[in-house]
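Okay, so here's the structure we're looking at.
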Amino acid sequence: MEEKMGKAPNSEYILEAVDLCKYFKAGRKQYVKAVDHVNIRMRHGETLGLVGESGCGKTTTGRTMIRLYEPTSGKILFEGQDISKLKGKELLHFKKNVQIIFQDPYASLDPRMTIGEIISEGMDVHMKLSEEEKEKRVNDLLRKVGLNTEYANRFAHELSGGQRQRIGIARALAVEPKFIVCDEPISALDVSIQAQVVNLLMKLQREMGLTYLFISHDLSMIQHISDRVGVMYLGSIVELAPEKTIYSASKHPYTQALISAIPVADPEADTEKDRIKLEGEVPSPLNPPSGCKFRTRCRYATERCAAEAPVLREVEPDHFVACHLCE
Ligand SMILES: Nc1ncnc2c1ncn2[C@@H]1O[C@H](COP(=O)(O)OP(=O)(O)O)[C@@H](O)[C@H]1O
Ligand code: SF4
Ligand SMILES: [Mg+2]
């Protein structure tokens, strides 16, 4: 990446992934390169939408950036400081600042714990509070996410999907983080309540100055909530730009195909010939194509694309693209 690195602590960026890799072993001498030299710089208070087809590495990117997974290589900077090798107390301090809201609110809440215990678990690790203070804080958090304080004594199975995800949000907020990975937080919810949960997340962001990495497989879903959008394909970021640029002036053939697949409101304007069809399947991540990993589905692919992997470059101010066509 040709963007300059912020070196000072408390830099312009809250969290940065620098050449971040996370490889999973998959049999003898075989690796899935789930995150393959990813560069993302998160600005204070922004929402960065991360999109791409299922299996492209969005969850692994989010989890590795907050060290739920140990990186295979590369660096993670928090407020300008390298936290990739931290241990013990210092690591704990970082973990207090970064939280995650999981995709599946059914699987992510312990069925044996009360809601109050679930929300206060992180407080026990990161904050020294009396029982009374803890109870007050749990009640405040429940109200903040739009739930009655009586829920503190209930169990997850007594709650609806939307209510569970509100608990997931309260749990993430409990330790006063600065950065939250929202990993498809509404994908498992009923369409009728998705907007409520998104609106709640946006309201909390404004009130608390939070920074979100908002993961979704659906480009149209994150359109309205993202300041910038990063598009992933087979473990790599192929395009990263302000939301408006992605939707109106994308330059990567993969982004263009995703955009053209978004249904438009006016059916008469939605003619087949305007669509760019994505040919073929996503290749196996165990054996990705040489050079540009998108080349097997790209209608512009040349010999160079098979020989040489394109690098993510800033082709216009704040618009990064990894494609030989854009050099
Ligand atoms: N814990 C794991 N062990 C082995 N492979 C994994 C693991 N988690 C994810 N993967 C693989 O890494 C790739 C990226 O997965 P993931 O980050 O979950 O993608 P996404 O969130 O975009 O759907 C996939 O090929 C997936 O099978
Ligand atoms: S580098 Fe080549 S194959 Fe890859 S997106 Fe650009 S034109 Fe297509
Ligand atoms: Mg995922």
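All residue numbers in this chain count up from 1 along the given sequence.
Without hydrogens or angle criteria, H252 side chain to C326 main chain gives no donor-acceptor distance under 3.5 Å. Side-chain N or O atoms of K22 include none that pairs as donor or acceptor with a backbone N or O of G57 at under 3.5 Å. Between the Q205 side chain and the L210 main chain, a donor and an acceptor come within less than 3.5 Å of each other. Checked by atom type and distance alone, the side chain of S160 pairs as donor or acceptor with a backbone atom of Q163 at under 3.5 Å. Of the possible polar contacts, one joining the E158 side chain to the F155 backbone as a donor-acceptor pair under 3.5 Å is found.
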- Task: Check step by step if ring pair (Phe, Tyr, Trp, His ring centres under 6.0 Å) holds for Y69 and Y23.
- Result: CA-CA 10 Å; Y69 292 156; Y23 300 166; over 10 Å; no
- Please report the C-alpha distance between Y300 and R295 in whole Å, then the side-chain angles of each, then the deciding distance to 0.1 Å, and finally whether the side-chain hydrogen bond (donor to acceptor under 3.5 Å, both in side chains) criterion is met. CA-CA 8 Å; Y300 306 110; R295 71 178 167 81; over 6 Å; no
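In the displayed structure, K134 atom NZ is contacted under 6.0 Å by more than 12 heavy atoms of other residues, nucleotides or ligands.
Here R41 does not pair with E12 in a salt bridge; the nearest charged N to carboxylate O distance is not below 4.0 Å. For the pair D183 and K58, the salt-bridge criterion is not met [side-chain N within less than 4.0 Å of a carboxylate O]. Ion pair E327/R304 flagged as a salt bridge, since at least one NZ, NE, NH1 or NH2 atom sits closer than 4.0 Å to an Asp/Glu carboxylate oxygen.
Within the 4.5 Å cutoff, no side-chain heavy atoms of E79 are placed close to those of F94.
Note: E239 CD to L258 CG = 10.0 Å, rounded to the nearest 0.5 Å.
Taking both residues in full, the closest heavy atoms of L234 and P288 are given as CD1-CB, 4.4 Å, listed atom of the first, atom of the second, then distance. The shortest non-hydrogen separation linking D227 to E46 is OD2-CA, 3.3 Å.
The hydrophobic clustering, which links ILVMFWY residues whose side-chain heavy atoms are closer than 4.5 Å, places Y254 and V315 apart. Under the 4.5 Å side-chain heavy-atom criterion for grouping Ile, Leu, Val, Met, Phe, Trp and Tyr, L200 is connected to Y151 within one hydrophobic cluster.
Screening I215, L240, V181 for a side-chain contact (heavy atoms from CB on, under 4.5 Å) involving L50 leaves a single residue, I215. In summary, of the residues considered (T149, V138, N148), a side-chain contact (heavy atoms from CB on, under 4.5 Å) with R143 occurs for T149 alone. With M123 as the fixed residue, the side-chain contact (heavy atoms from CB on, under 4.5 Å) test singles out one of E133, K128, R137, E176: R137.
Side-chain contact of S192 with D190: a donor-acceptor pair under 3.5 Å is present, judged by distance alone. At a cut-off of 3.5 Å, with distance as the only test, no side-chain donor of K178 or T211 sits close to an acceptor on the other residue.
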